[in-house]
There are 2 protein chains.
Amino acid sequence: MGTTNKENEYSMLKLENQLCFPLYACSKEIIRAYKPFLDEIDLTYTQYITMLVLWEKKEMNVKTLGENLYLDSGTLTPVLKKLESKGLIKRTRSKSDERNLLVSITKEGEALKEKAKDVPSKIGKCVNLSKKEAEELYRLLYMVIENIR
Amino acid sequence: MGTTNKENEYSMLKLENQLCFPLYACSKEIIRAYKPFLDEIDLTYTQYITMLVLWEKKEMNVKTLGENLYLDSGTLTPVLKKLESKGLIKRTRSKSDERNLLVSITKEGEALKEKAKDVPSKIGKCVNLSKKEAEELYRLLYMVIENIR
DNA sequence: TTTTAATAAATTGTATGCAAATAATTAGTC
DNA sequence: GACTAATTATTTGCATACAATTTATTAAAA
């Protein structure tokens, strides 16, 4: 009752008791799981999620892209230069506002979509959650993201 | 029925439909949430989770530490050198097997535990999940980690 | 309109994170 | 015991990530 001991006082300071750790570990493990599939289409994980957005939206400035991916221009600039050097995207300054860099997908970039088509289902097999579990996980993750921000 | 369209064929290739992305984003956001609290005790996130293990286990070789943290020696070596330069840990080769580097906590490292004591509850407030939700998230994350490995 | 403030990318500096190669040590095999 | 595995860290190279600064451009204010 009125007694506290070191066990209780510090028990939260255990790796296993911190939600952050499985989140961090799980994120890294799932990115590692993507690697063999992404190697086949010569994309890194960051390049892949960038292409995911562009396959859907076709054109976007760096700022909006960063808001979609939760990445800043310091991270995106080198990624986008790399994707451009591979011929998958084009980088052009906006005519109406030269501060904006417009990132748009090329024909080669569009073509890659076909090769990337099966990646999600392959990963789904690795993750191996039921539809219900996946939805619950998805819901909880976005809840945490919302709460933190 | 017999008709397929591009919408369905590629619908999984949307950022919002991939479980990996909220995982990746949530992990980064939660690490970002730690930053102000960890700044107060002058630790980076990686240094912090390393200290978590050492506060509990006192001494450990690099390999075992890496298994606990899901990190390899290429990542850990510079982190451990940094922690040693701060006086929080000691690095010594094992007498019985010189291949092993024993990482052990110092008095200063022990003392830091007191200052780190309240970090988990502060983060808990930011994450703001119910006990039930946190347990469910925890369970699902470890399930994914198990399934992937 | 000149000045100031705000915005968008790029750059710089620091810290990860991982694969692959290397070095040092120990264990196993002949 | 000499030779070959295997094991453990370290190093190297590449790719993020992010804070802070800088540069270029546009918007707003005086």
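In this text, all values refer to a predicted model and were calculated from it rather than measured experimentally. Residue numbers start from 1 in every chain, and the chains themselves are labelled A, B, ... in the order their sequence lines are given, proteins ahead of strands. As a basis for the values below, the full set of heavy atoms in this structure was taken, side chains included, without hydrogen atoms, waters or symmetry mates.
- Of the side-chain N and O atoms in A:R93, none sit less than 4.0 angstrom from OP1 or OP2 of D:dT26.
- A perpendicular orientation is assigned to the rings of A:W55 and A:Y48, their planes being inclined by more than 60° (bins at 30° and 60°).
- Residue B:R99 places its side chain closer to C:dA24 than to any other of D:dC18, C:dA8, C:dA24.
- A:L76 comes within 4.0 angstrom of nothing in the nucleic acid, heavy atoms only.
- Nucleotide D:dC14 holds its C1' atom 17 Å from the NZ atom of A:K81, rounded to whole Å.
- Taking the charged nitrogens against the carboxylate oxygens, B:K81 and B:E84 have no contact shorter than 4.0 Å, which rules out a salt bridge.
- Side-chain nitrogen and oxygen atoms of A:T44 include at least one within less than 4.0 Å of the OP1 or OP2 phosphate oxygen of D:dT16.
- Computed from coordinates, the B:K35 NZ to D:dA20 C1' distance equals 11 Å when rounded to whole Å.
- A salt bridge links A:E110 with A:K58; the closest basic N to acidic carboxylate O contact falls under 4.0 Å.
- Looking at heavy-atom distances under 4.0 Å, A:T46 makes contact with sugar-phosphate atoms alone, never a base.
- Here C:dA10 is the nucleotide among C:dT16, C:dA10, D:dA9 with the atom lying nearest to any side-chain atom of A:T77.
- Map A:K82 and A:S96 each onto its nearest nucleotide of DNA chain D; the residue landing nearer the 5' end is A:K82.
- Regarding A:N61, its CG atom lies at a distance of 14 Å from the C1' atom of D:dT25, rounded to whole Å.
- The pair B:K131-B:E135 counts as a salt bridge, with a side-chain nitrogen and a carboxylate oxygen less than 4.0 angstrom apart.
- Here the P atom of nucleotide D:dA9 and the CD atom of B:E98 are 12 Å apart, to the nearest Å.
- Following rounding to the nearest Å, B:D72 (CG) and D:dT8 (C1') show an atom-to-atom distance of 12 Å.
- Each of B:K63 and A:P78 has a nearest nucleotide on DNA chain D; the 5'-most of these lies closest to B:K63.
- Counting any heavy atom pair closer than 4.0 Å across all strands shown, A:D97 reaches sugar-phosphate atoms only and no base atom.
- Across the interface with DNA chain C, nearest-nucleotide mapping of A:Y24 and A:T64 shows A:T64 to be the residue nearer the 5′ end.
- D:dA5: glycosidic angle within 90° of 0, hence syn.
- Pair assignment for D:dA5 gives none, since no Watson-Crick or G-U wobble pairing has each distance under 3.5 Å.
- In terms of position on DNA chain C, the residue among A:R32 and A:L80 whose nearest nucleotide sits closer to the 5' end is A:L80.
- Between A:D118 and A:S121, the side chains place no donor N or O within less than 3.5 Å of an acceptor N or O (distance only, hydrogens not considered).
- The distance between atom CG of A:L71 and atom C1' of D:dA15, rounded to the nearest whole Å, is 13 Å.
- Between A:K63 and A:E67, at least one side-chain N (NZ, or NE/NH1/NH2) sits under 4.0 Å from a carboxylate O, which counts as a salt bridge.
- A donor-acceptor contact under 3.5 Å is formed by the side chain of A:S73 with the base of C:dA10.
- At a threshold of 4.0 angstrom between heavy atoms, the contacts of B:N100 are confined to the sugar-phosphate backbone, with no base atom among them.
- In this structure, CG of B:L43 is placed 12 Å from P of C:dA15, rounded to the nearest angstrom.
- Protein atom CG of B:L101 is 13 Å distant from nucleotide atom P of C:dT25, rounded to whole Å.
- Residue-level contact check: B:T75 touches the bases, meaning some heavy atom is under 4.0 Å from a base atom.
- Shown here, C:dT26 forms no base pair; nothing in the strands shown gives a Watson-Crick or G-U wobble contact with both key distances under 3.5 Å.
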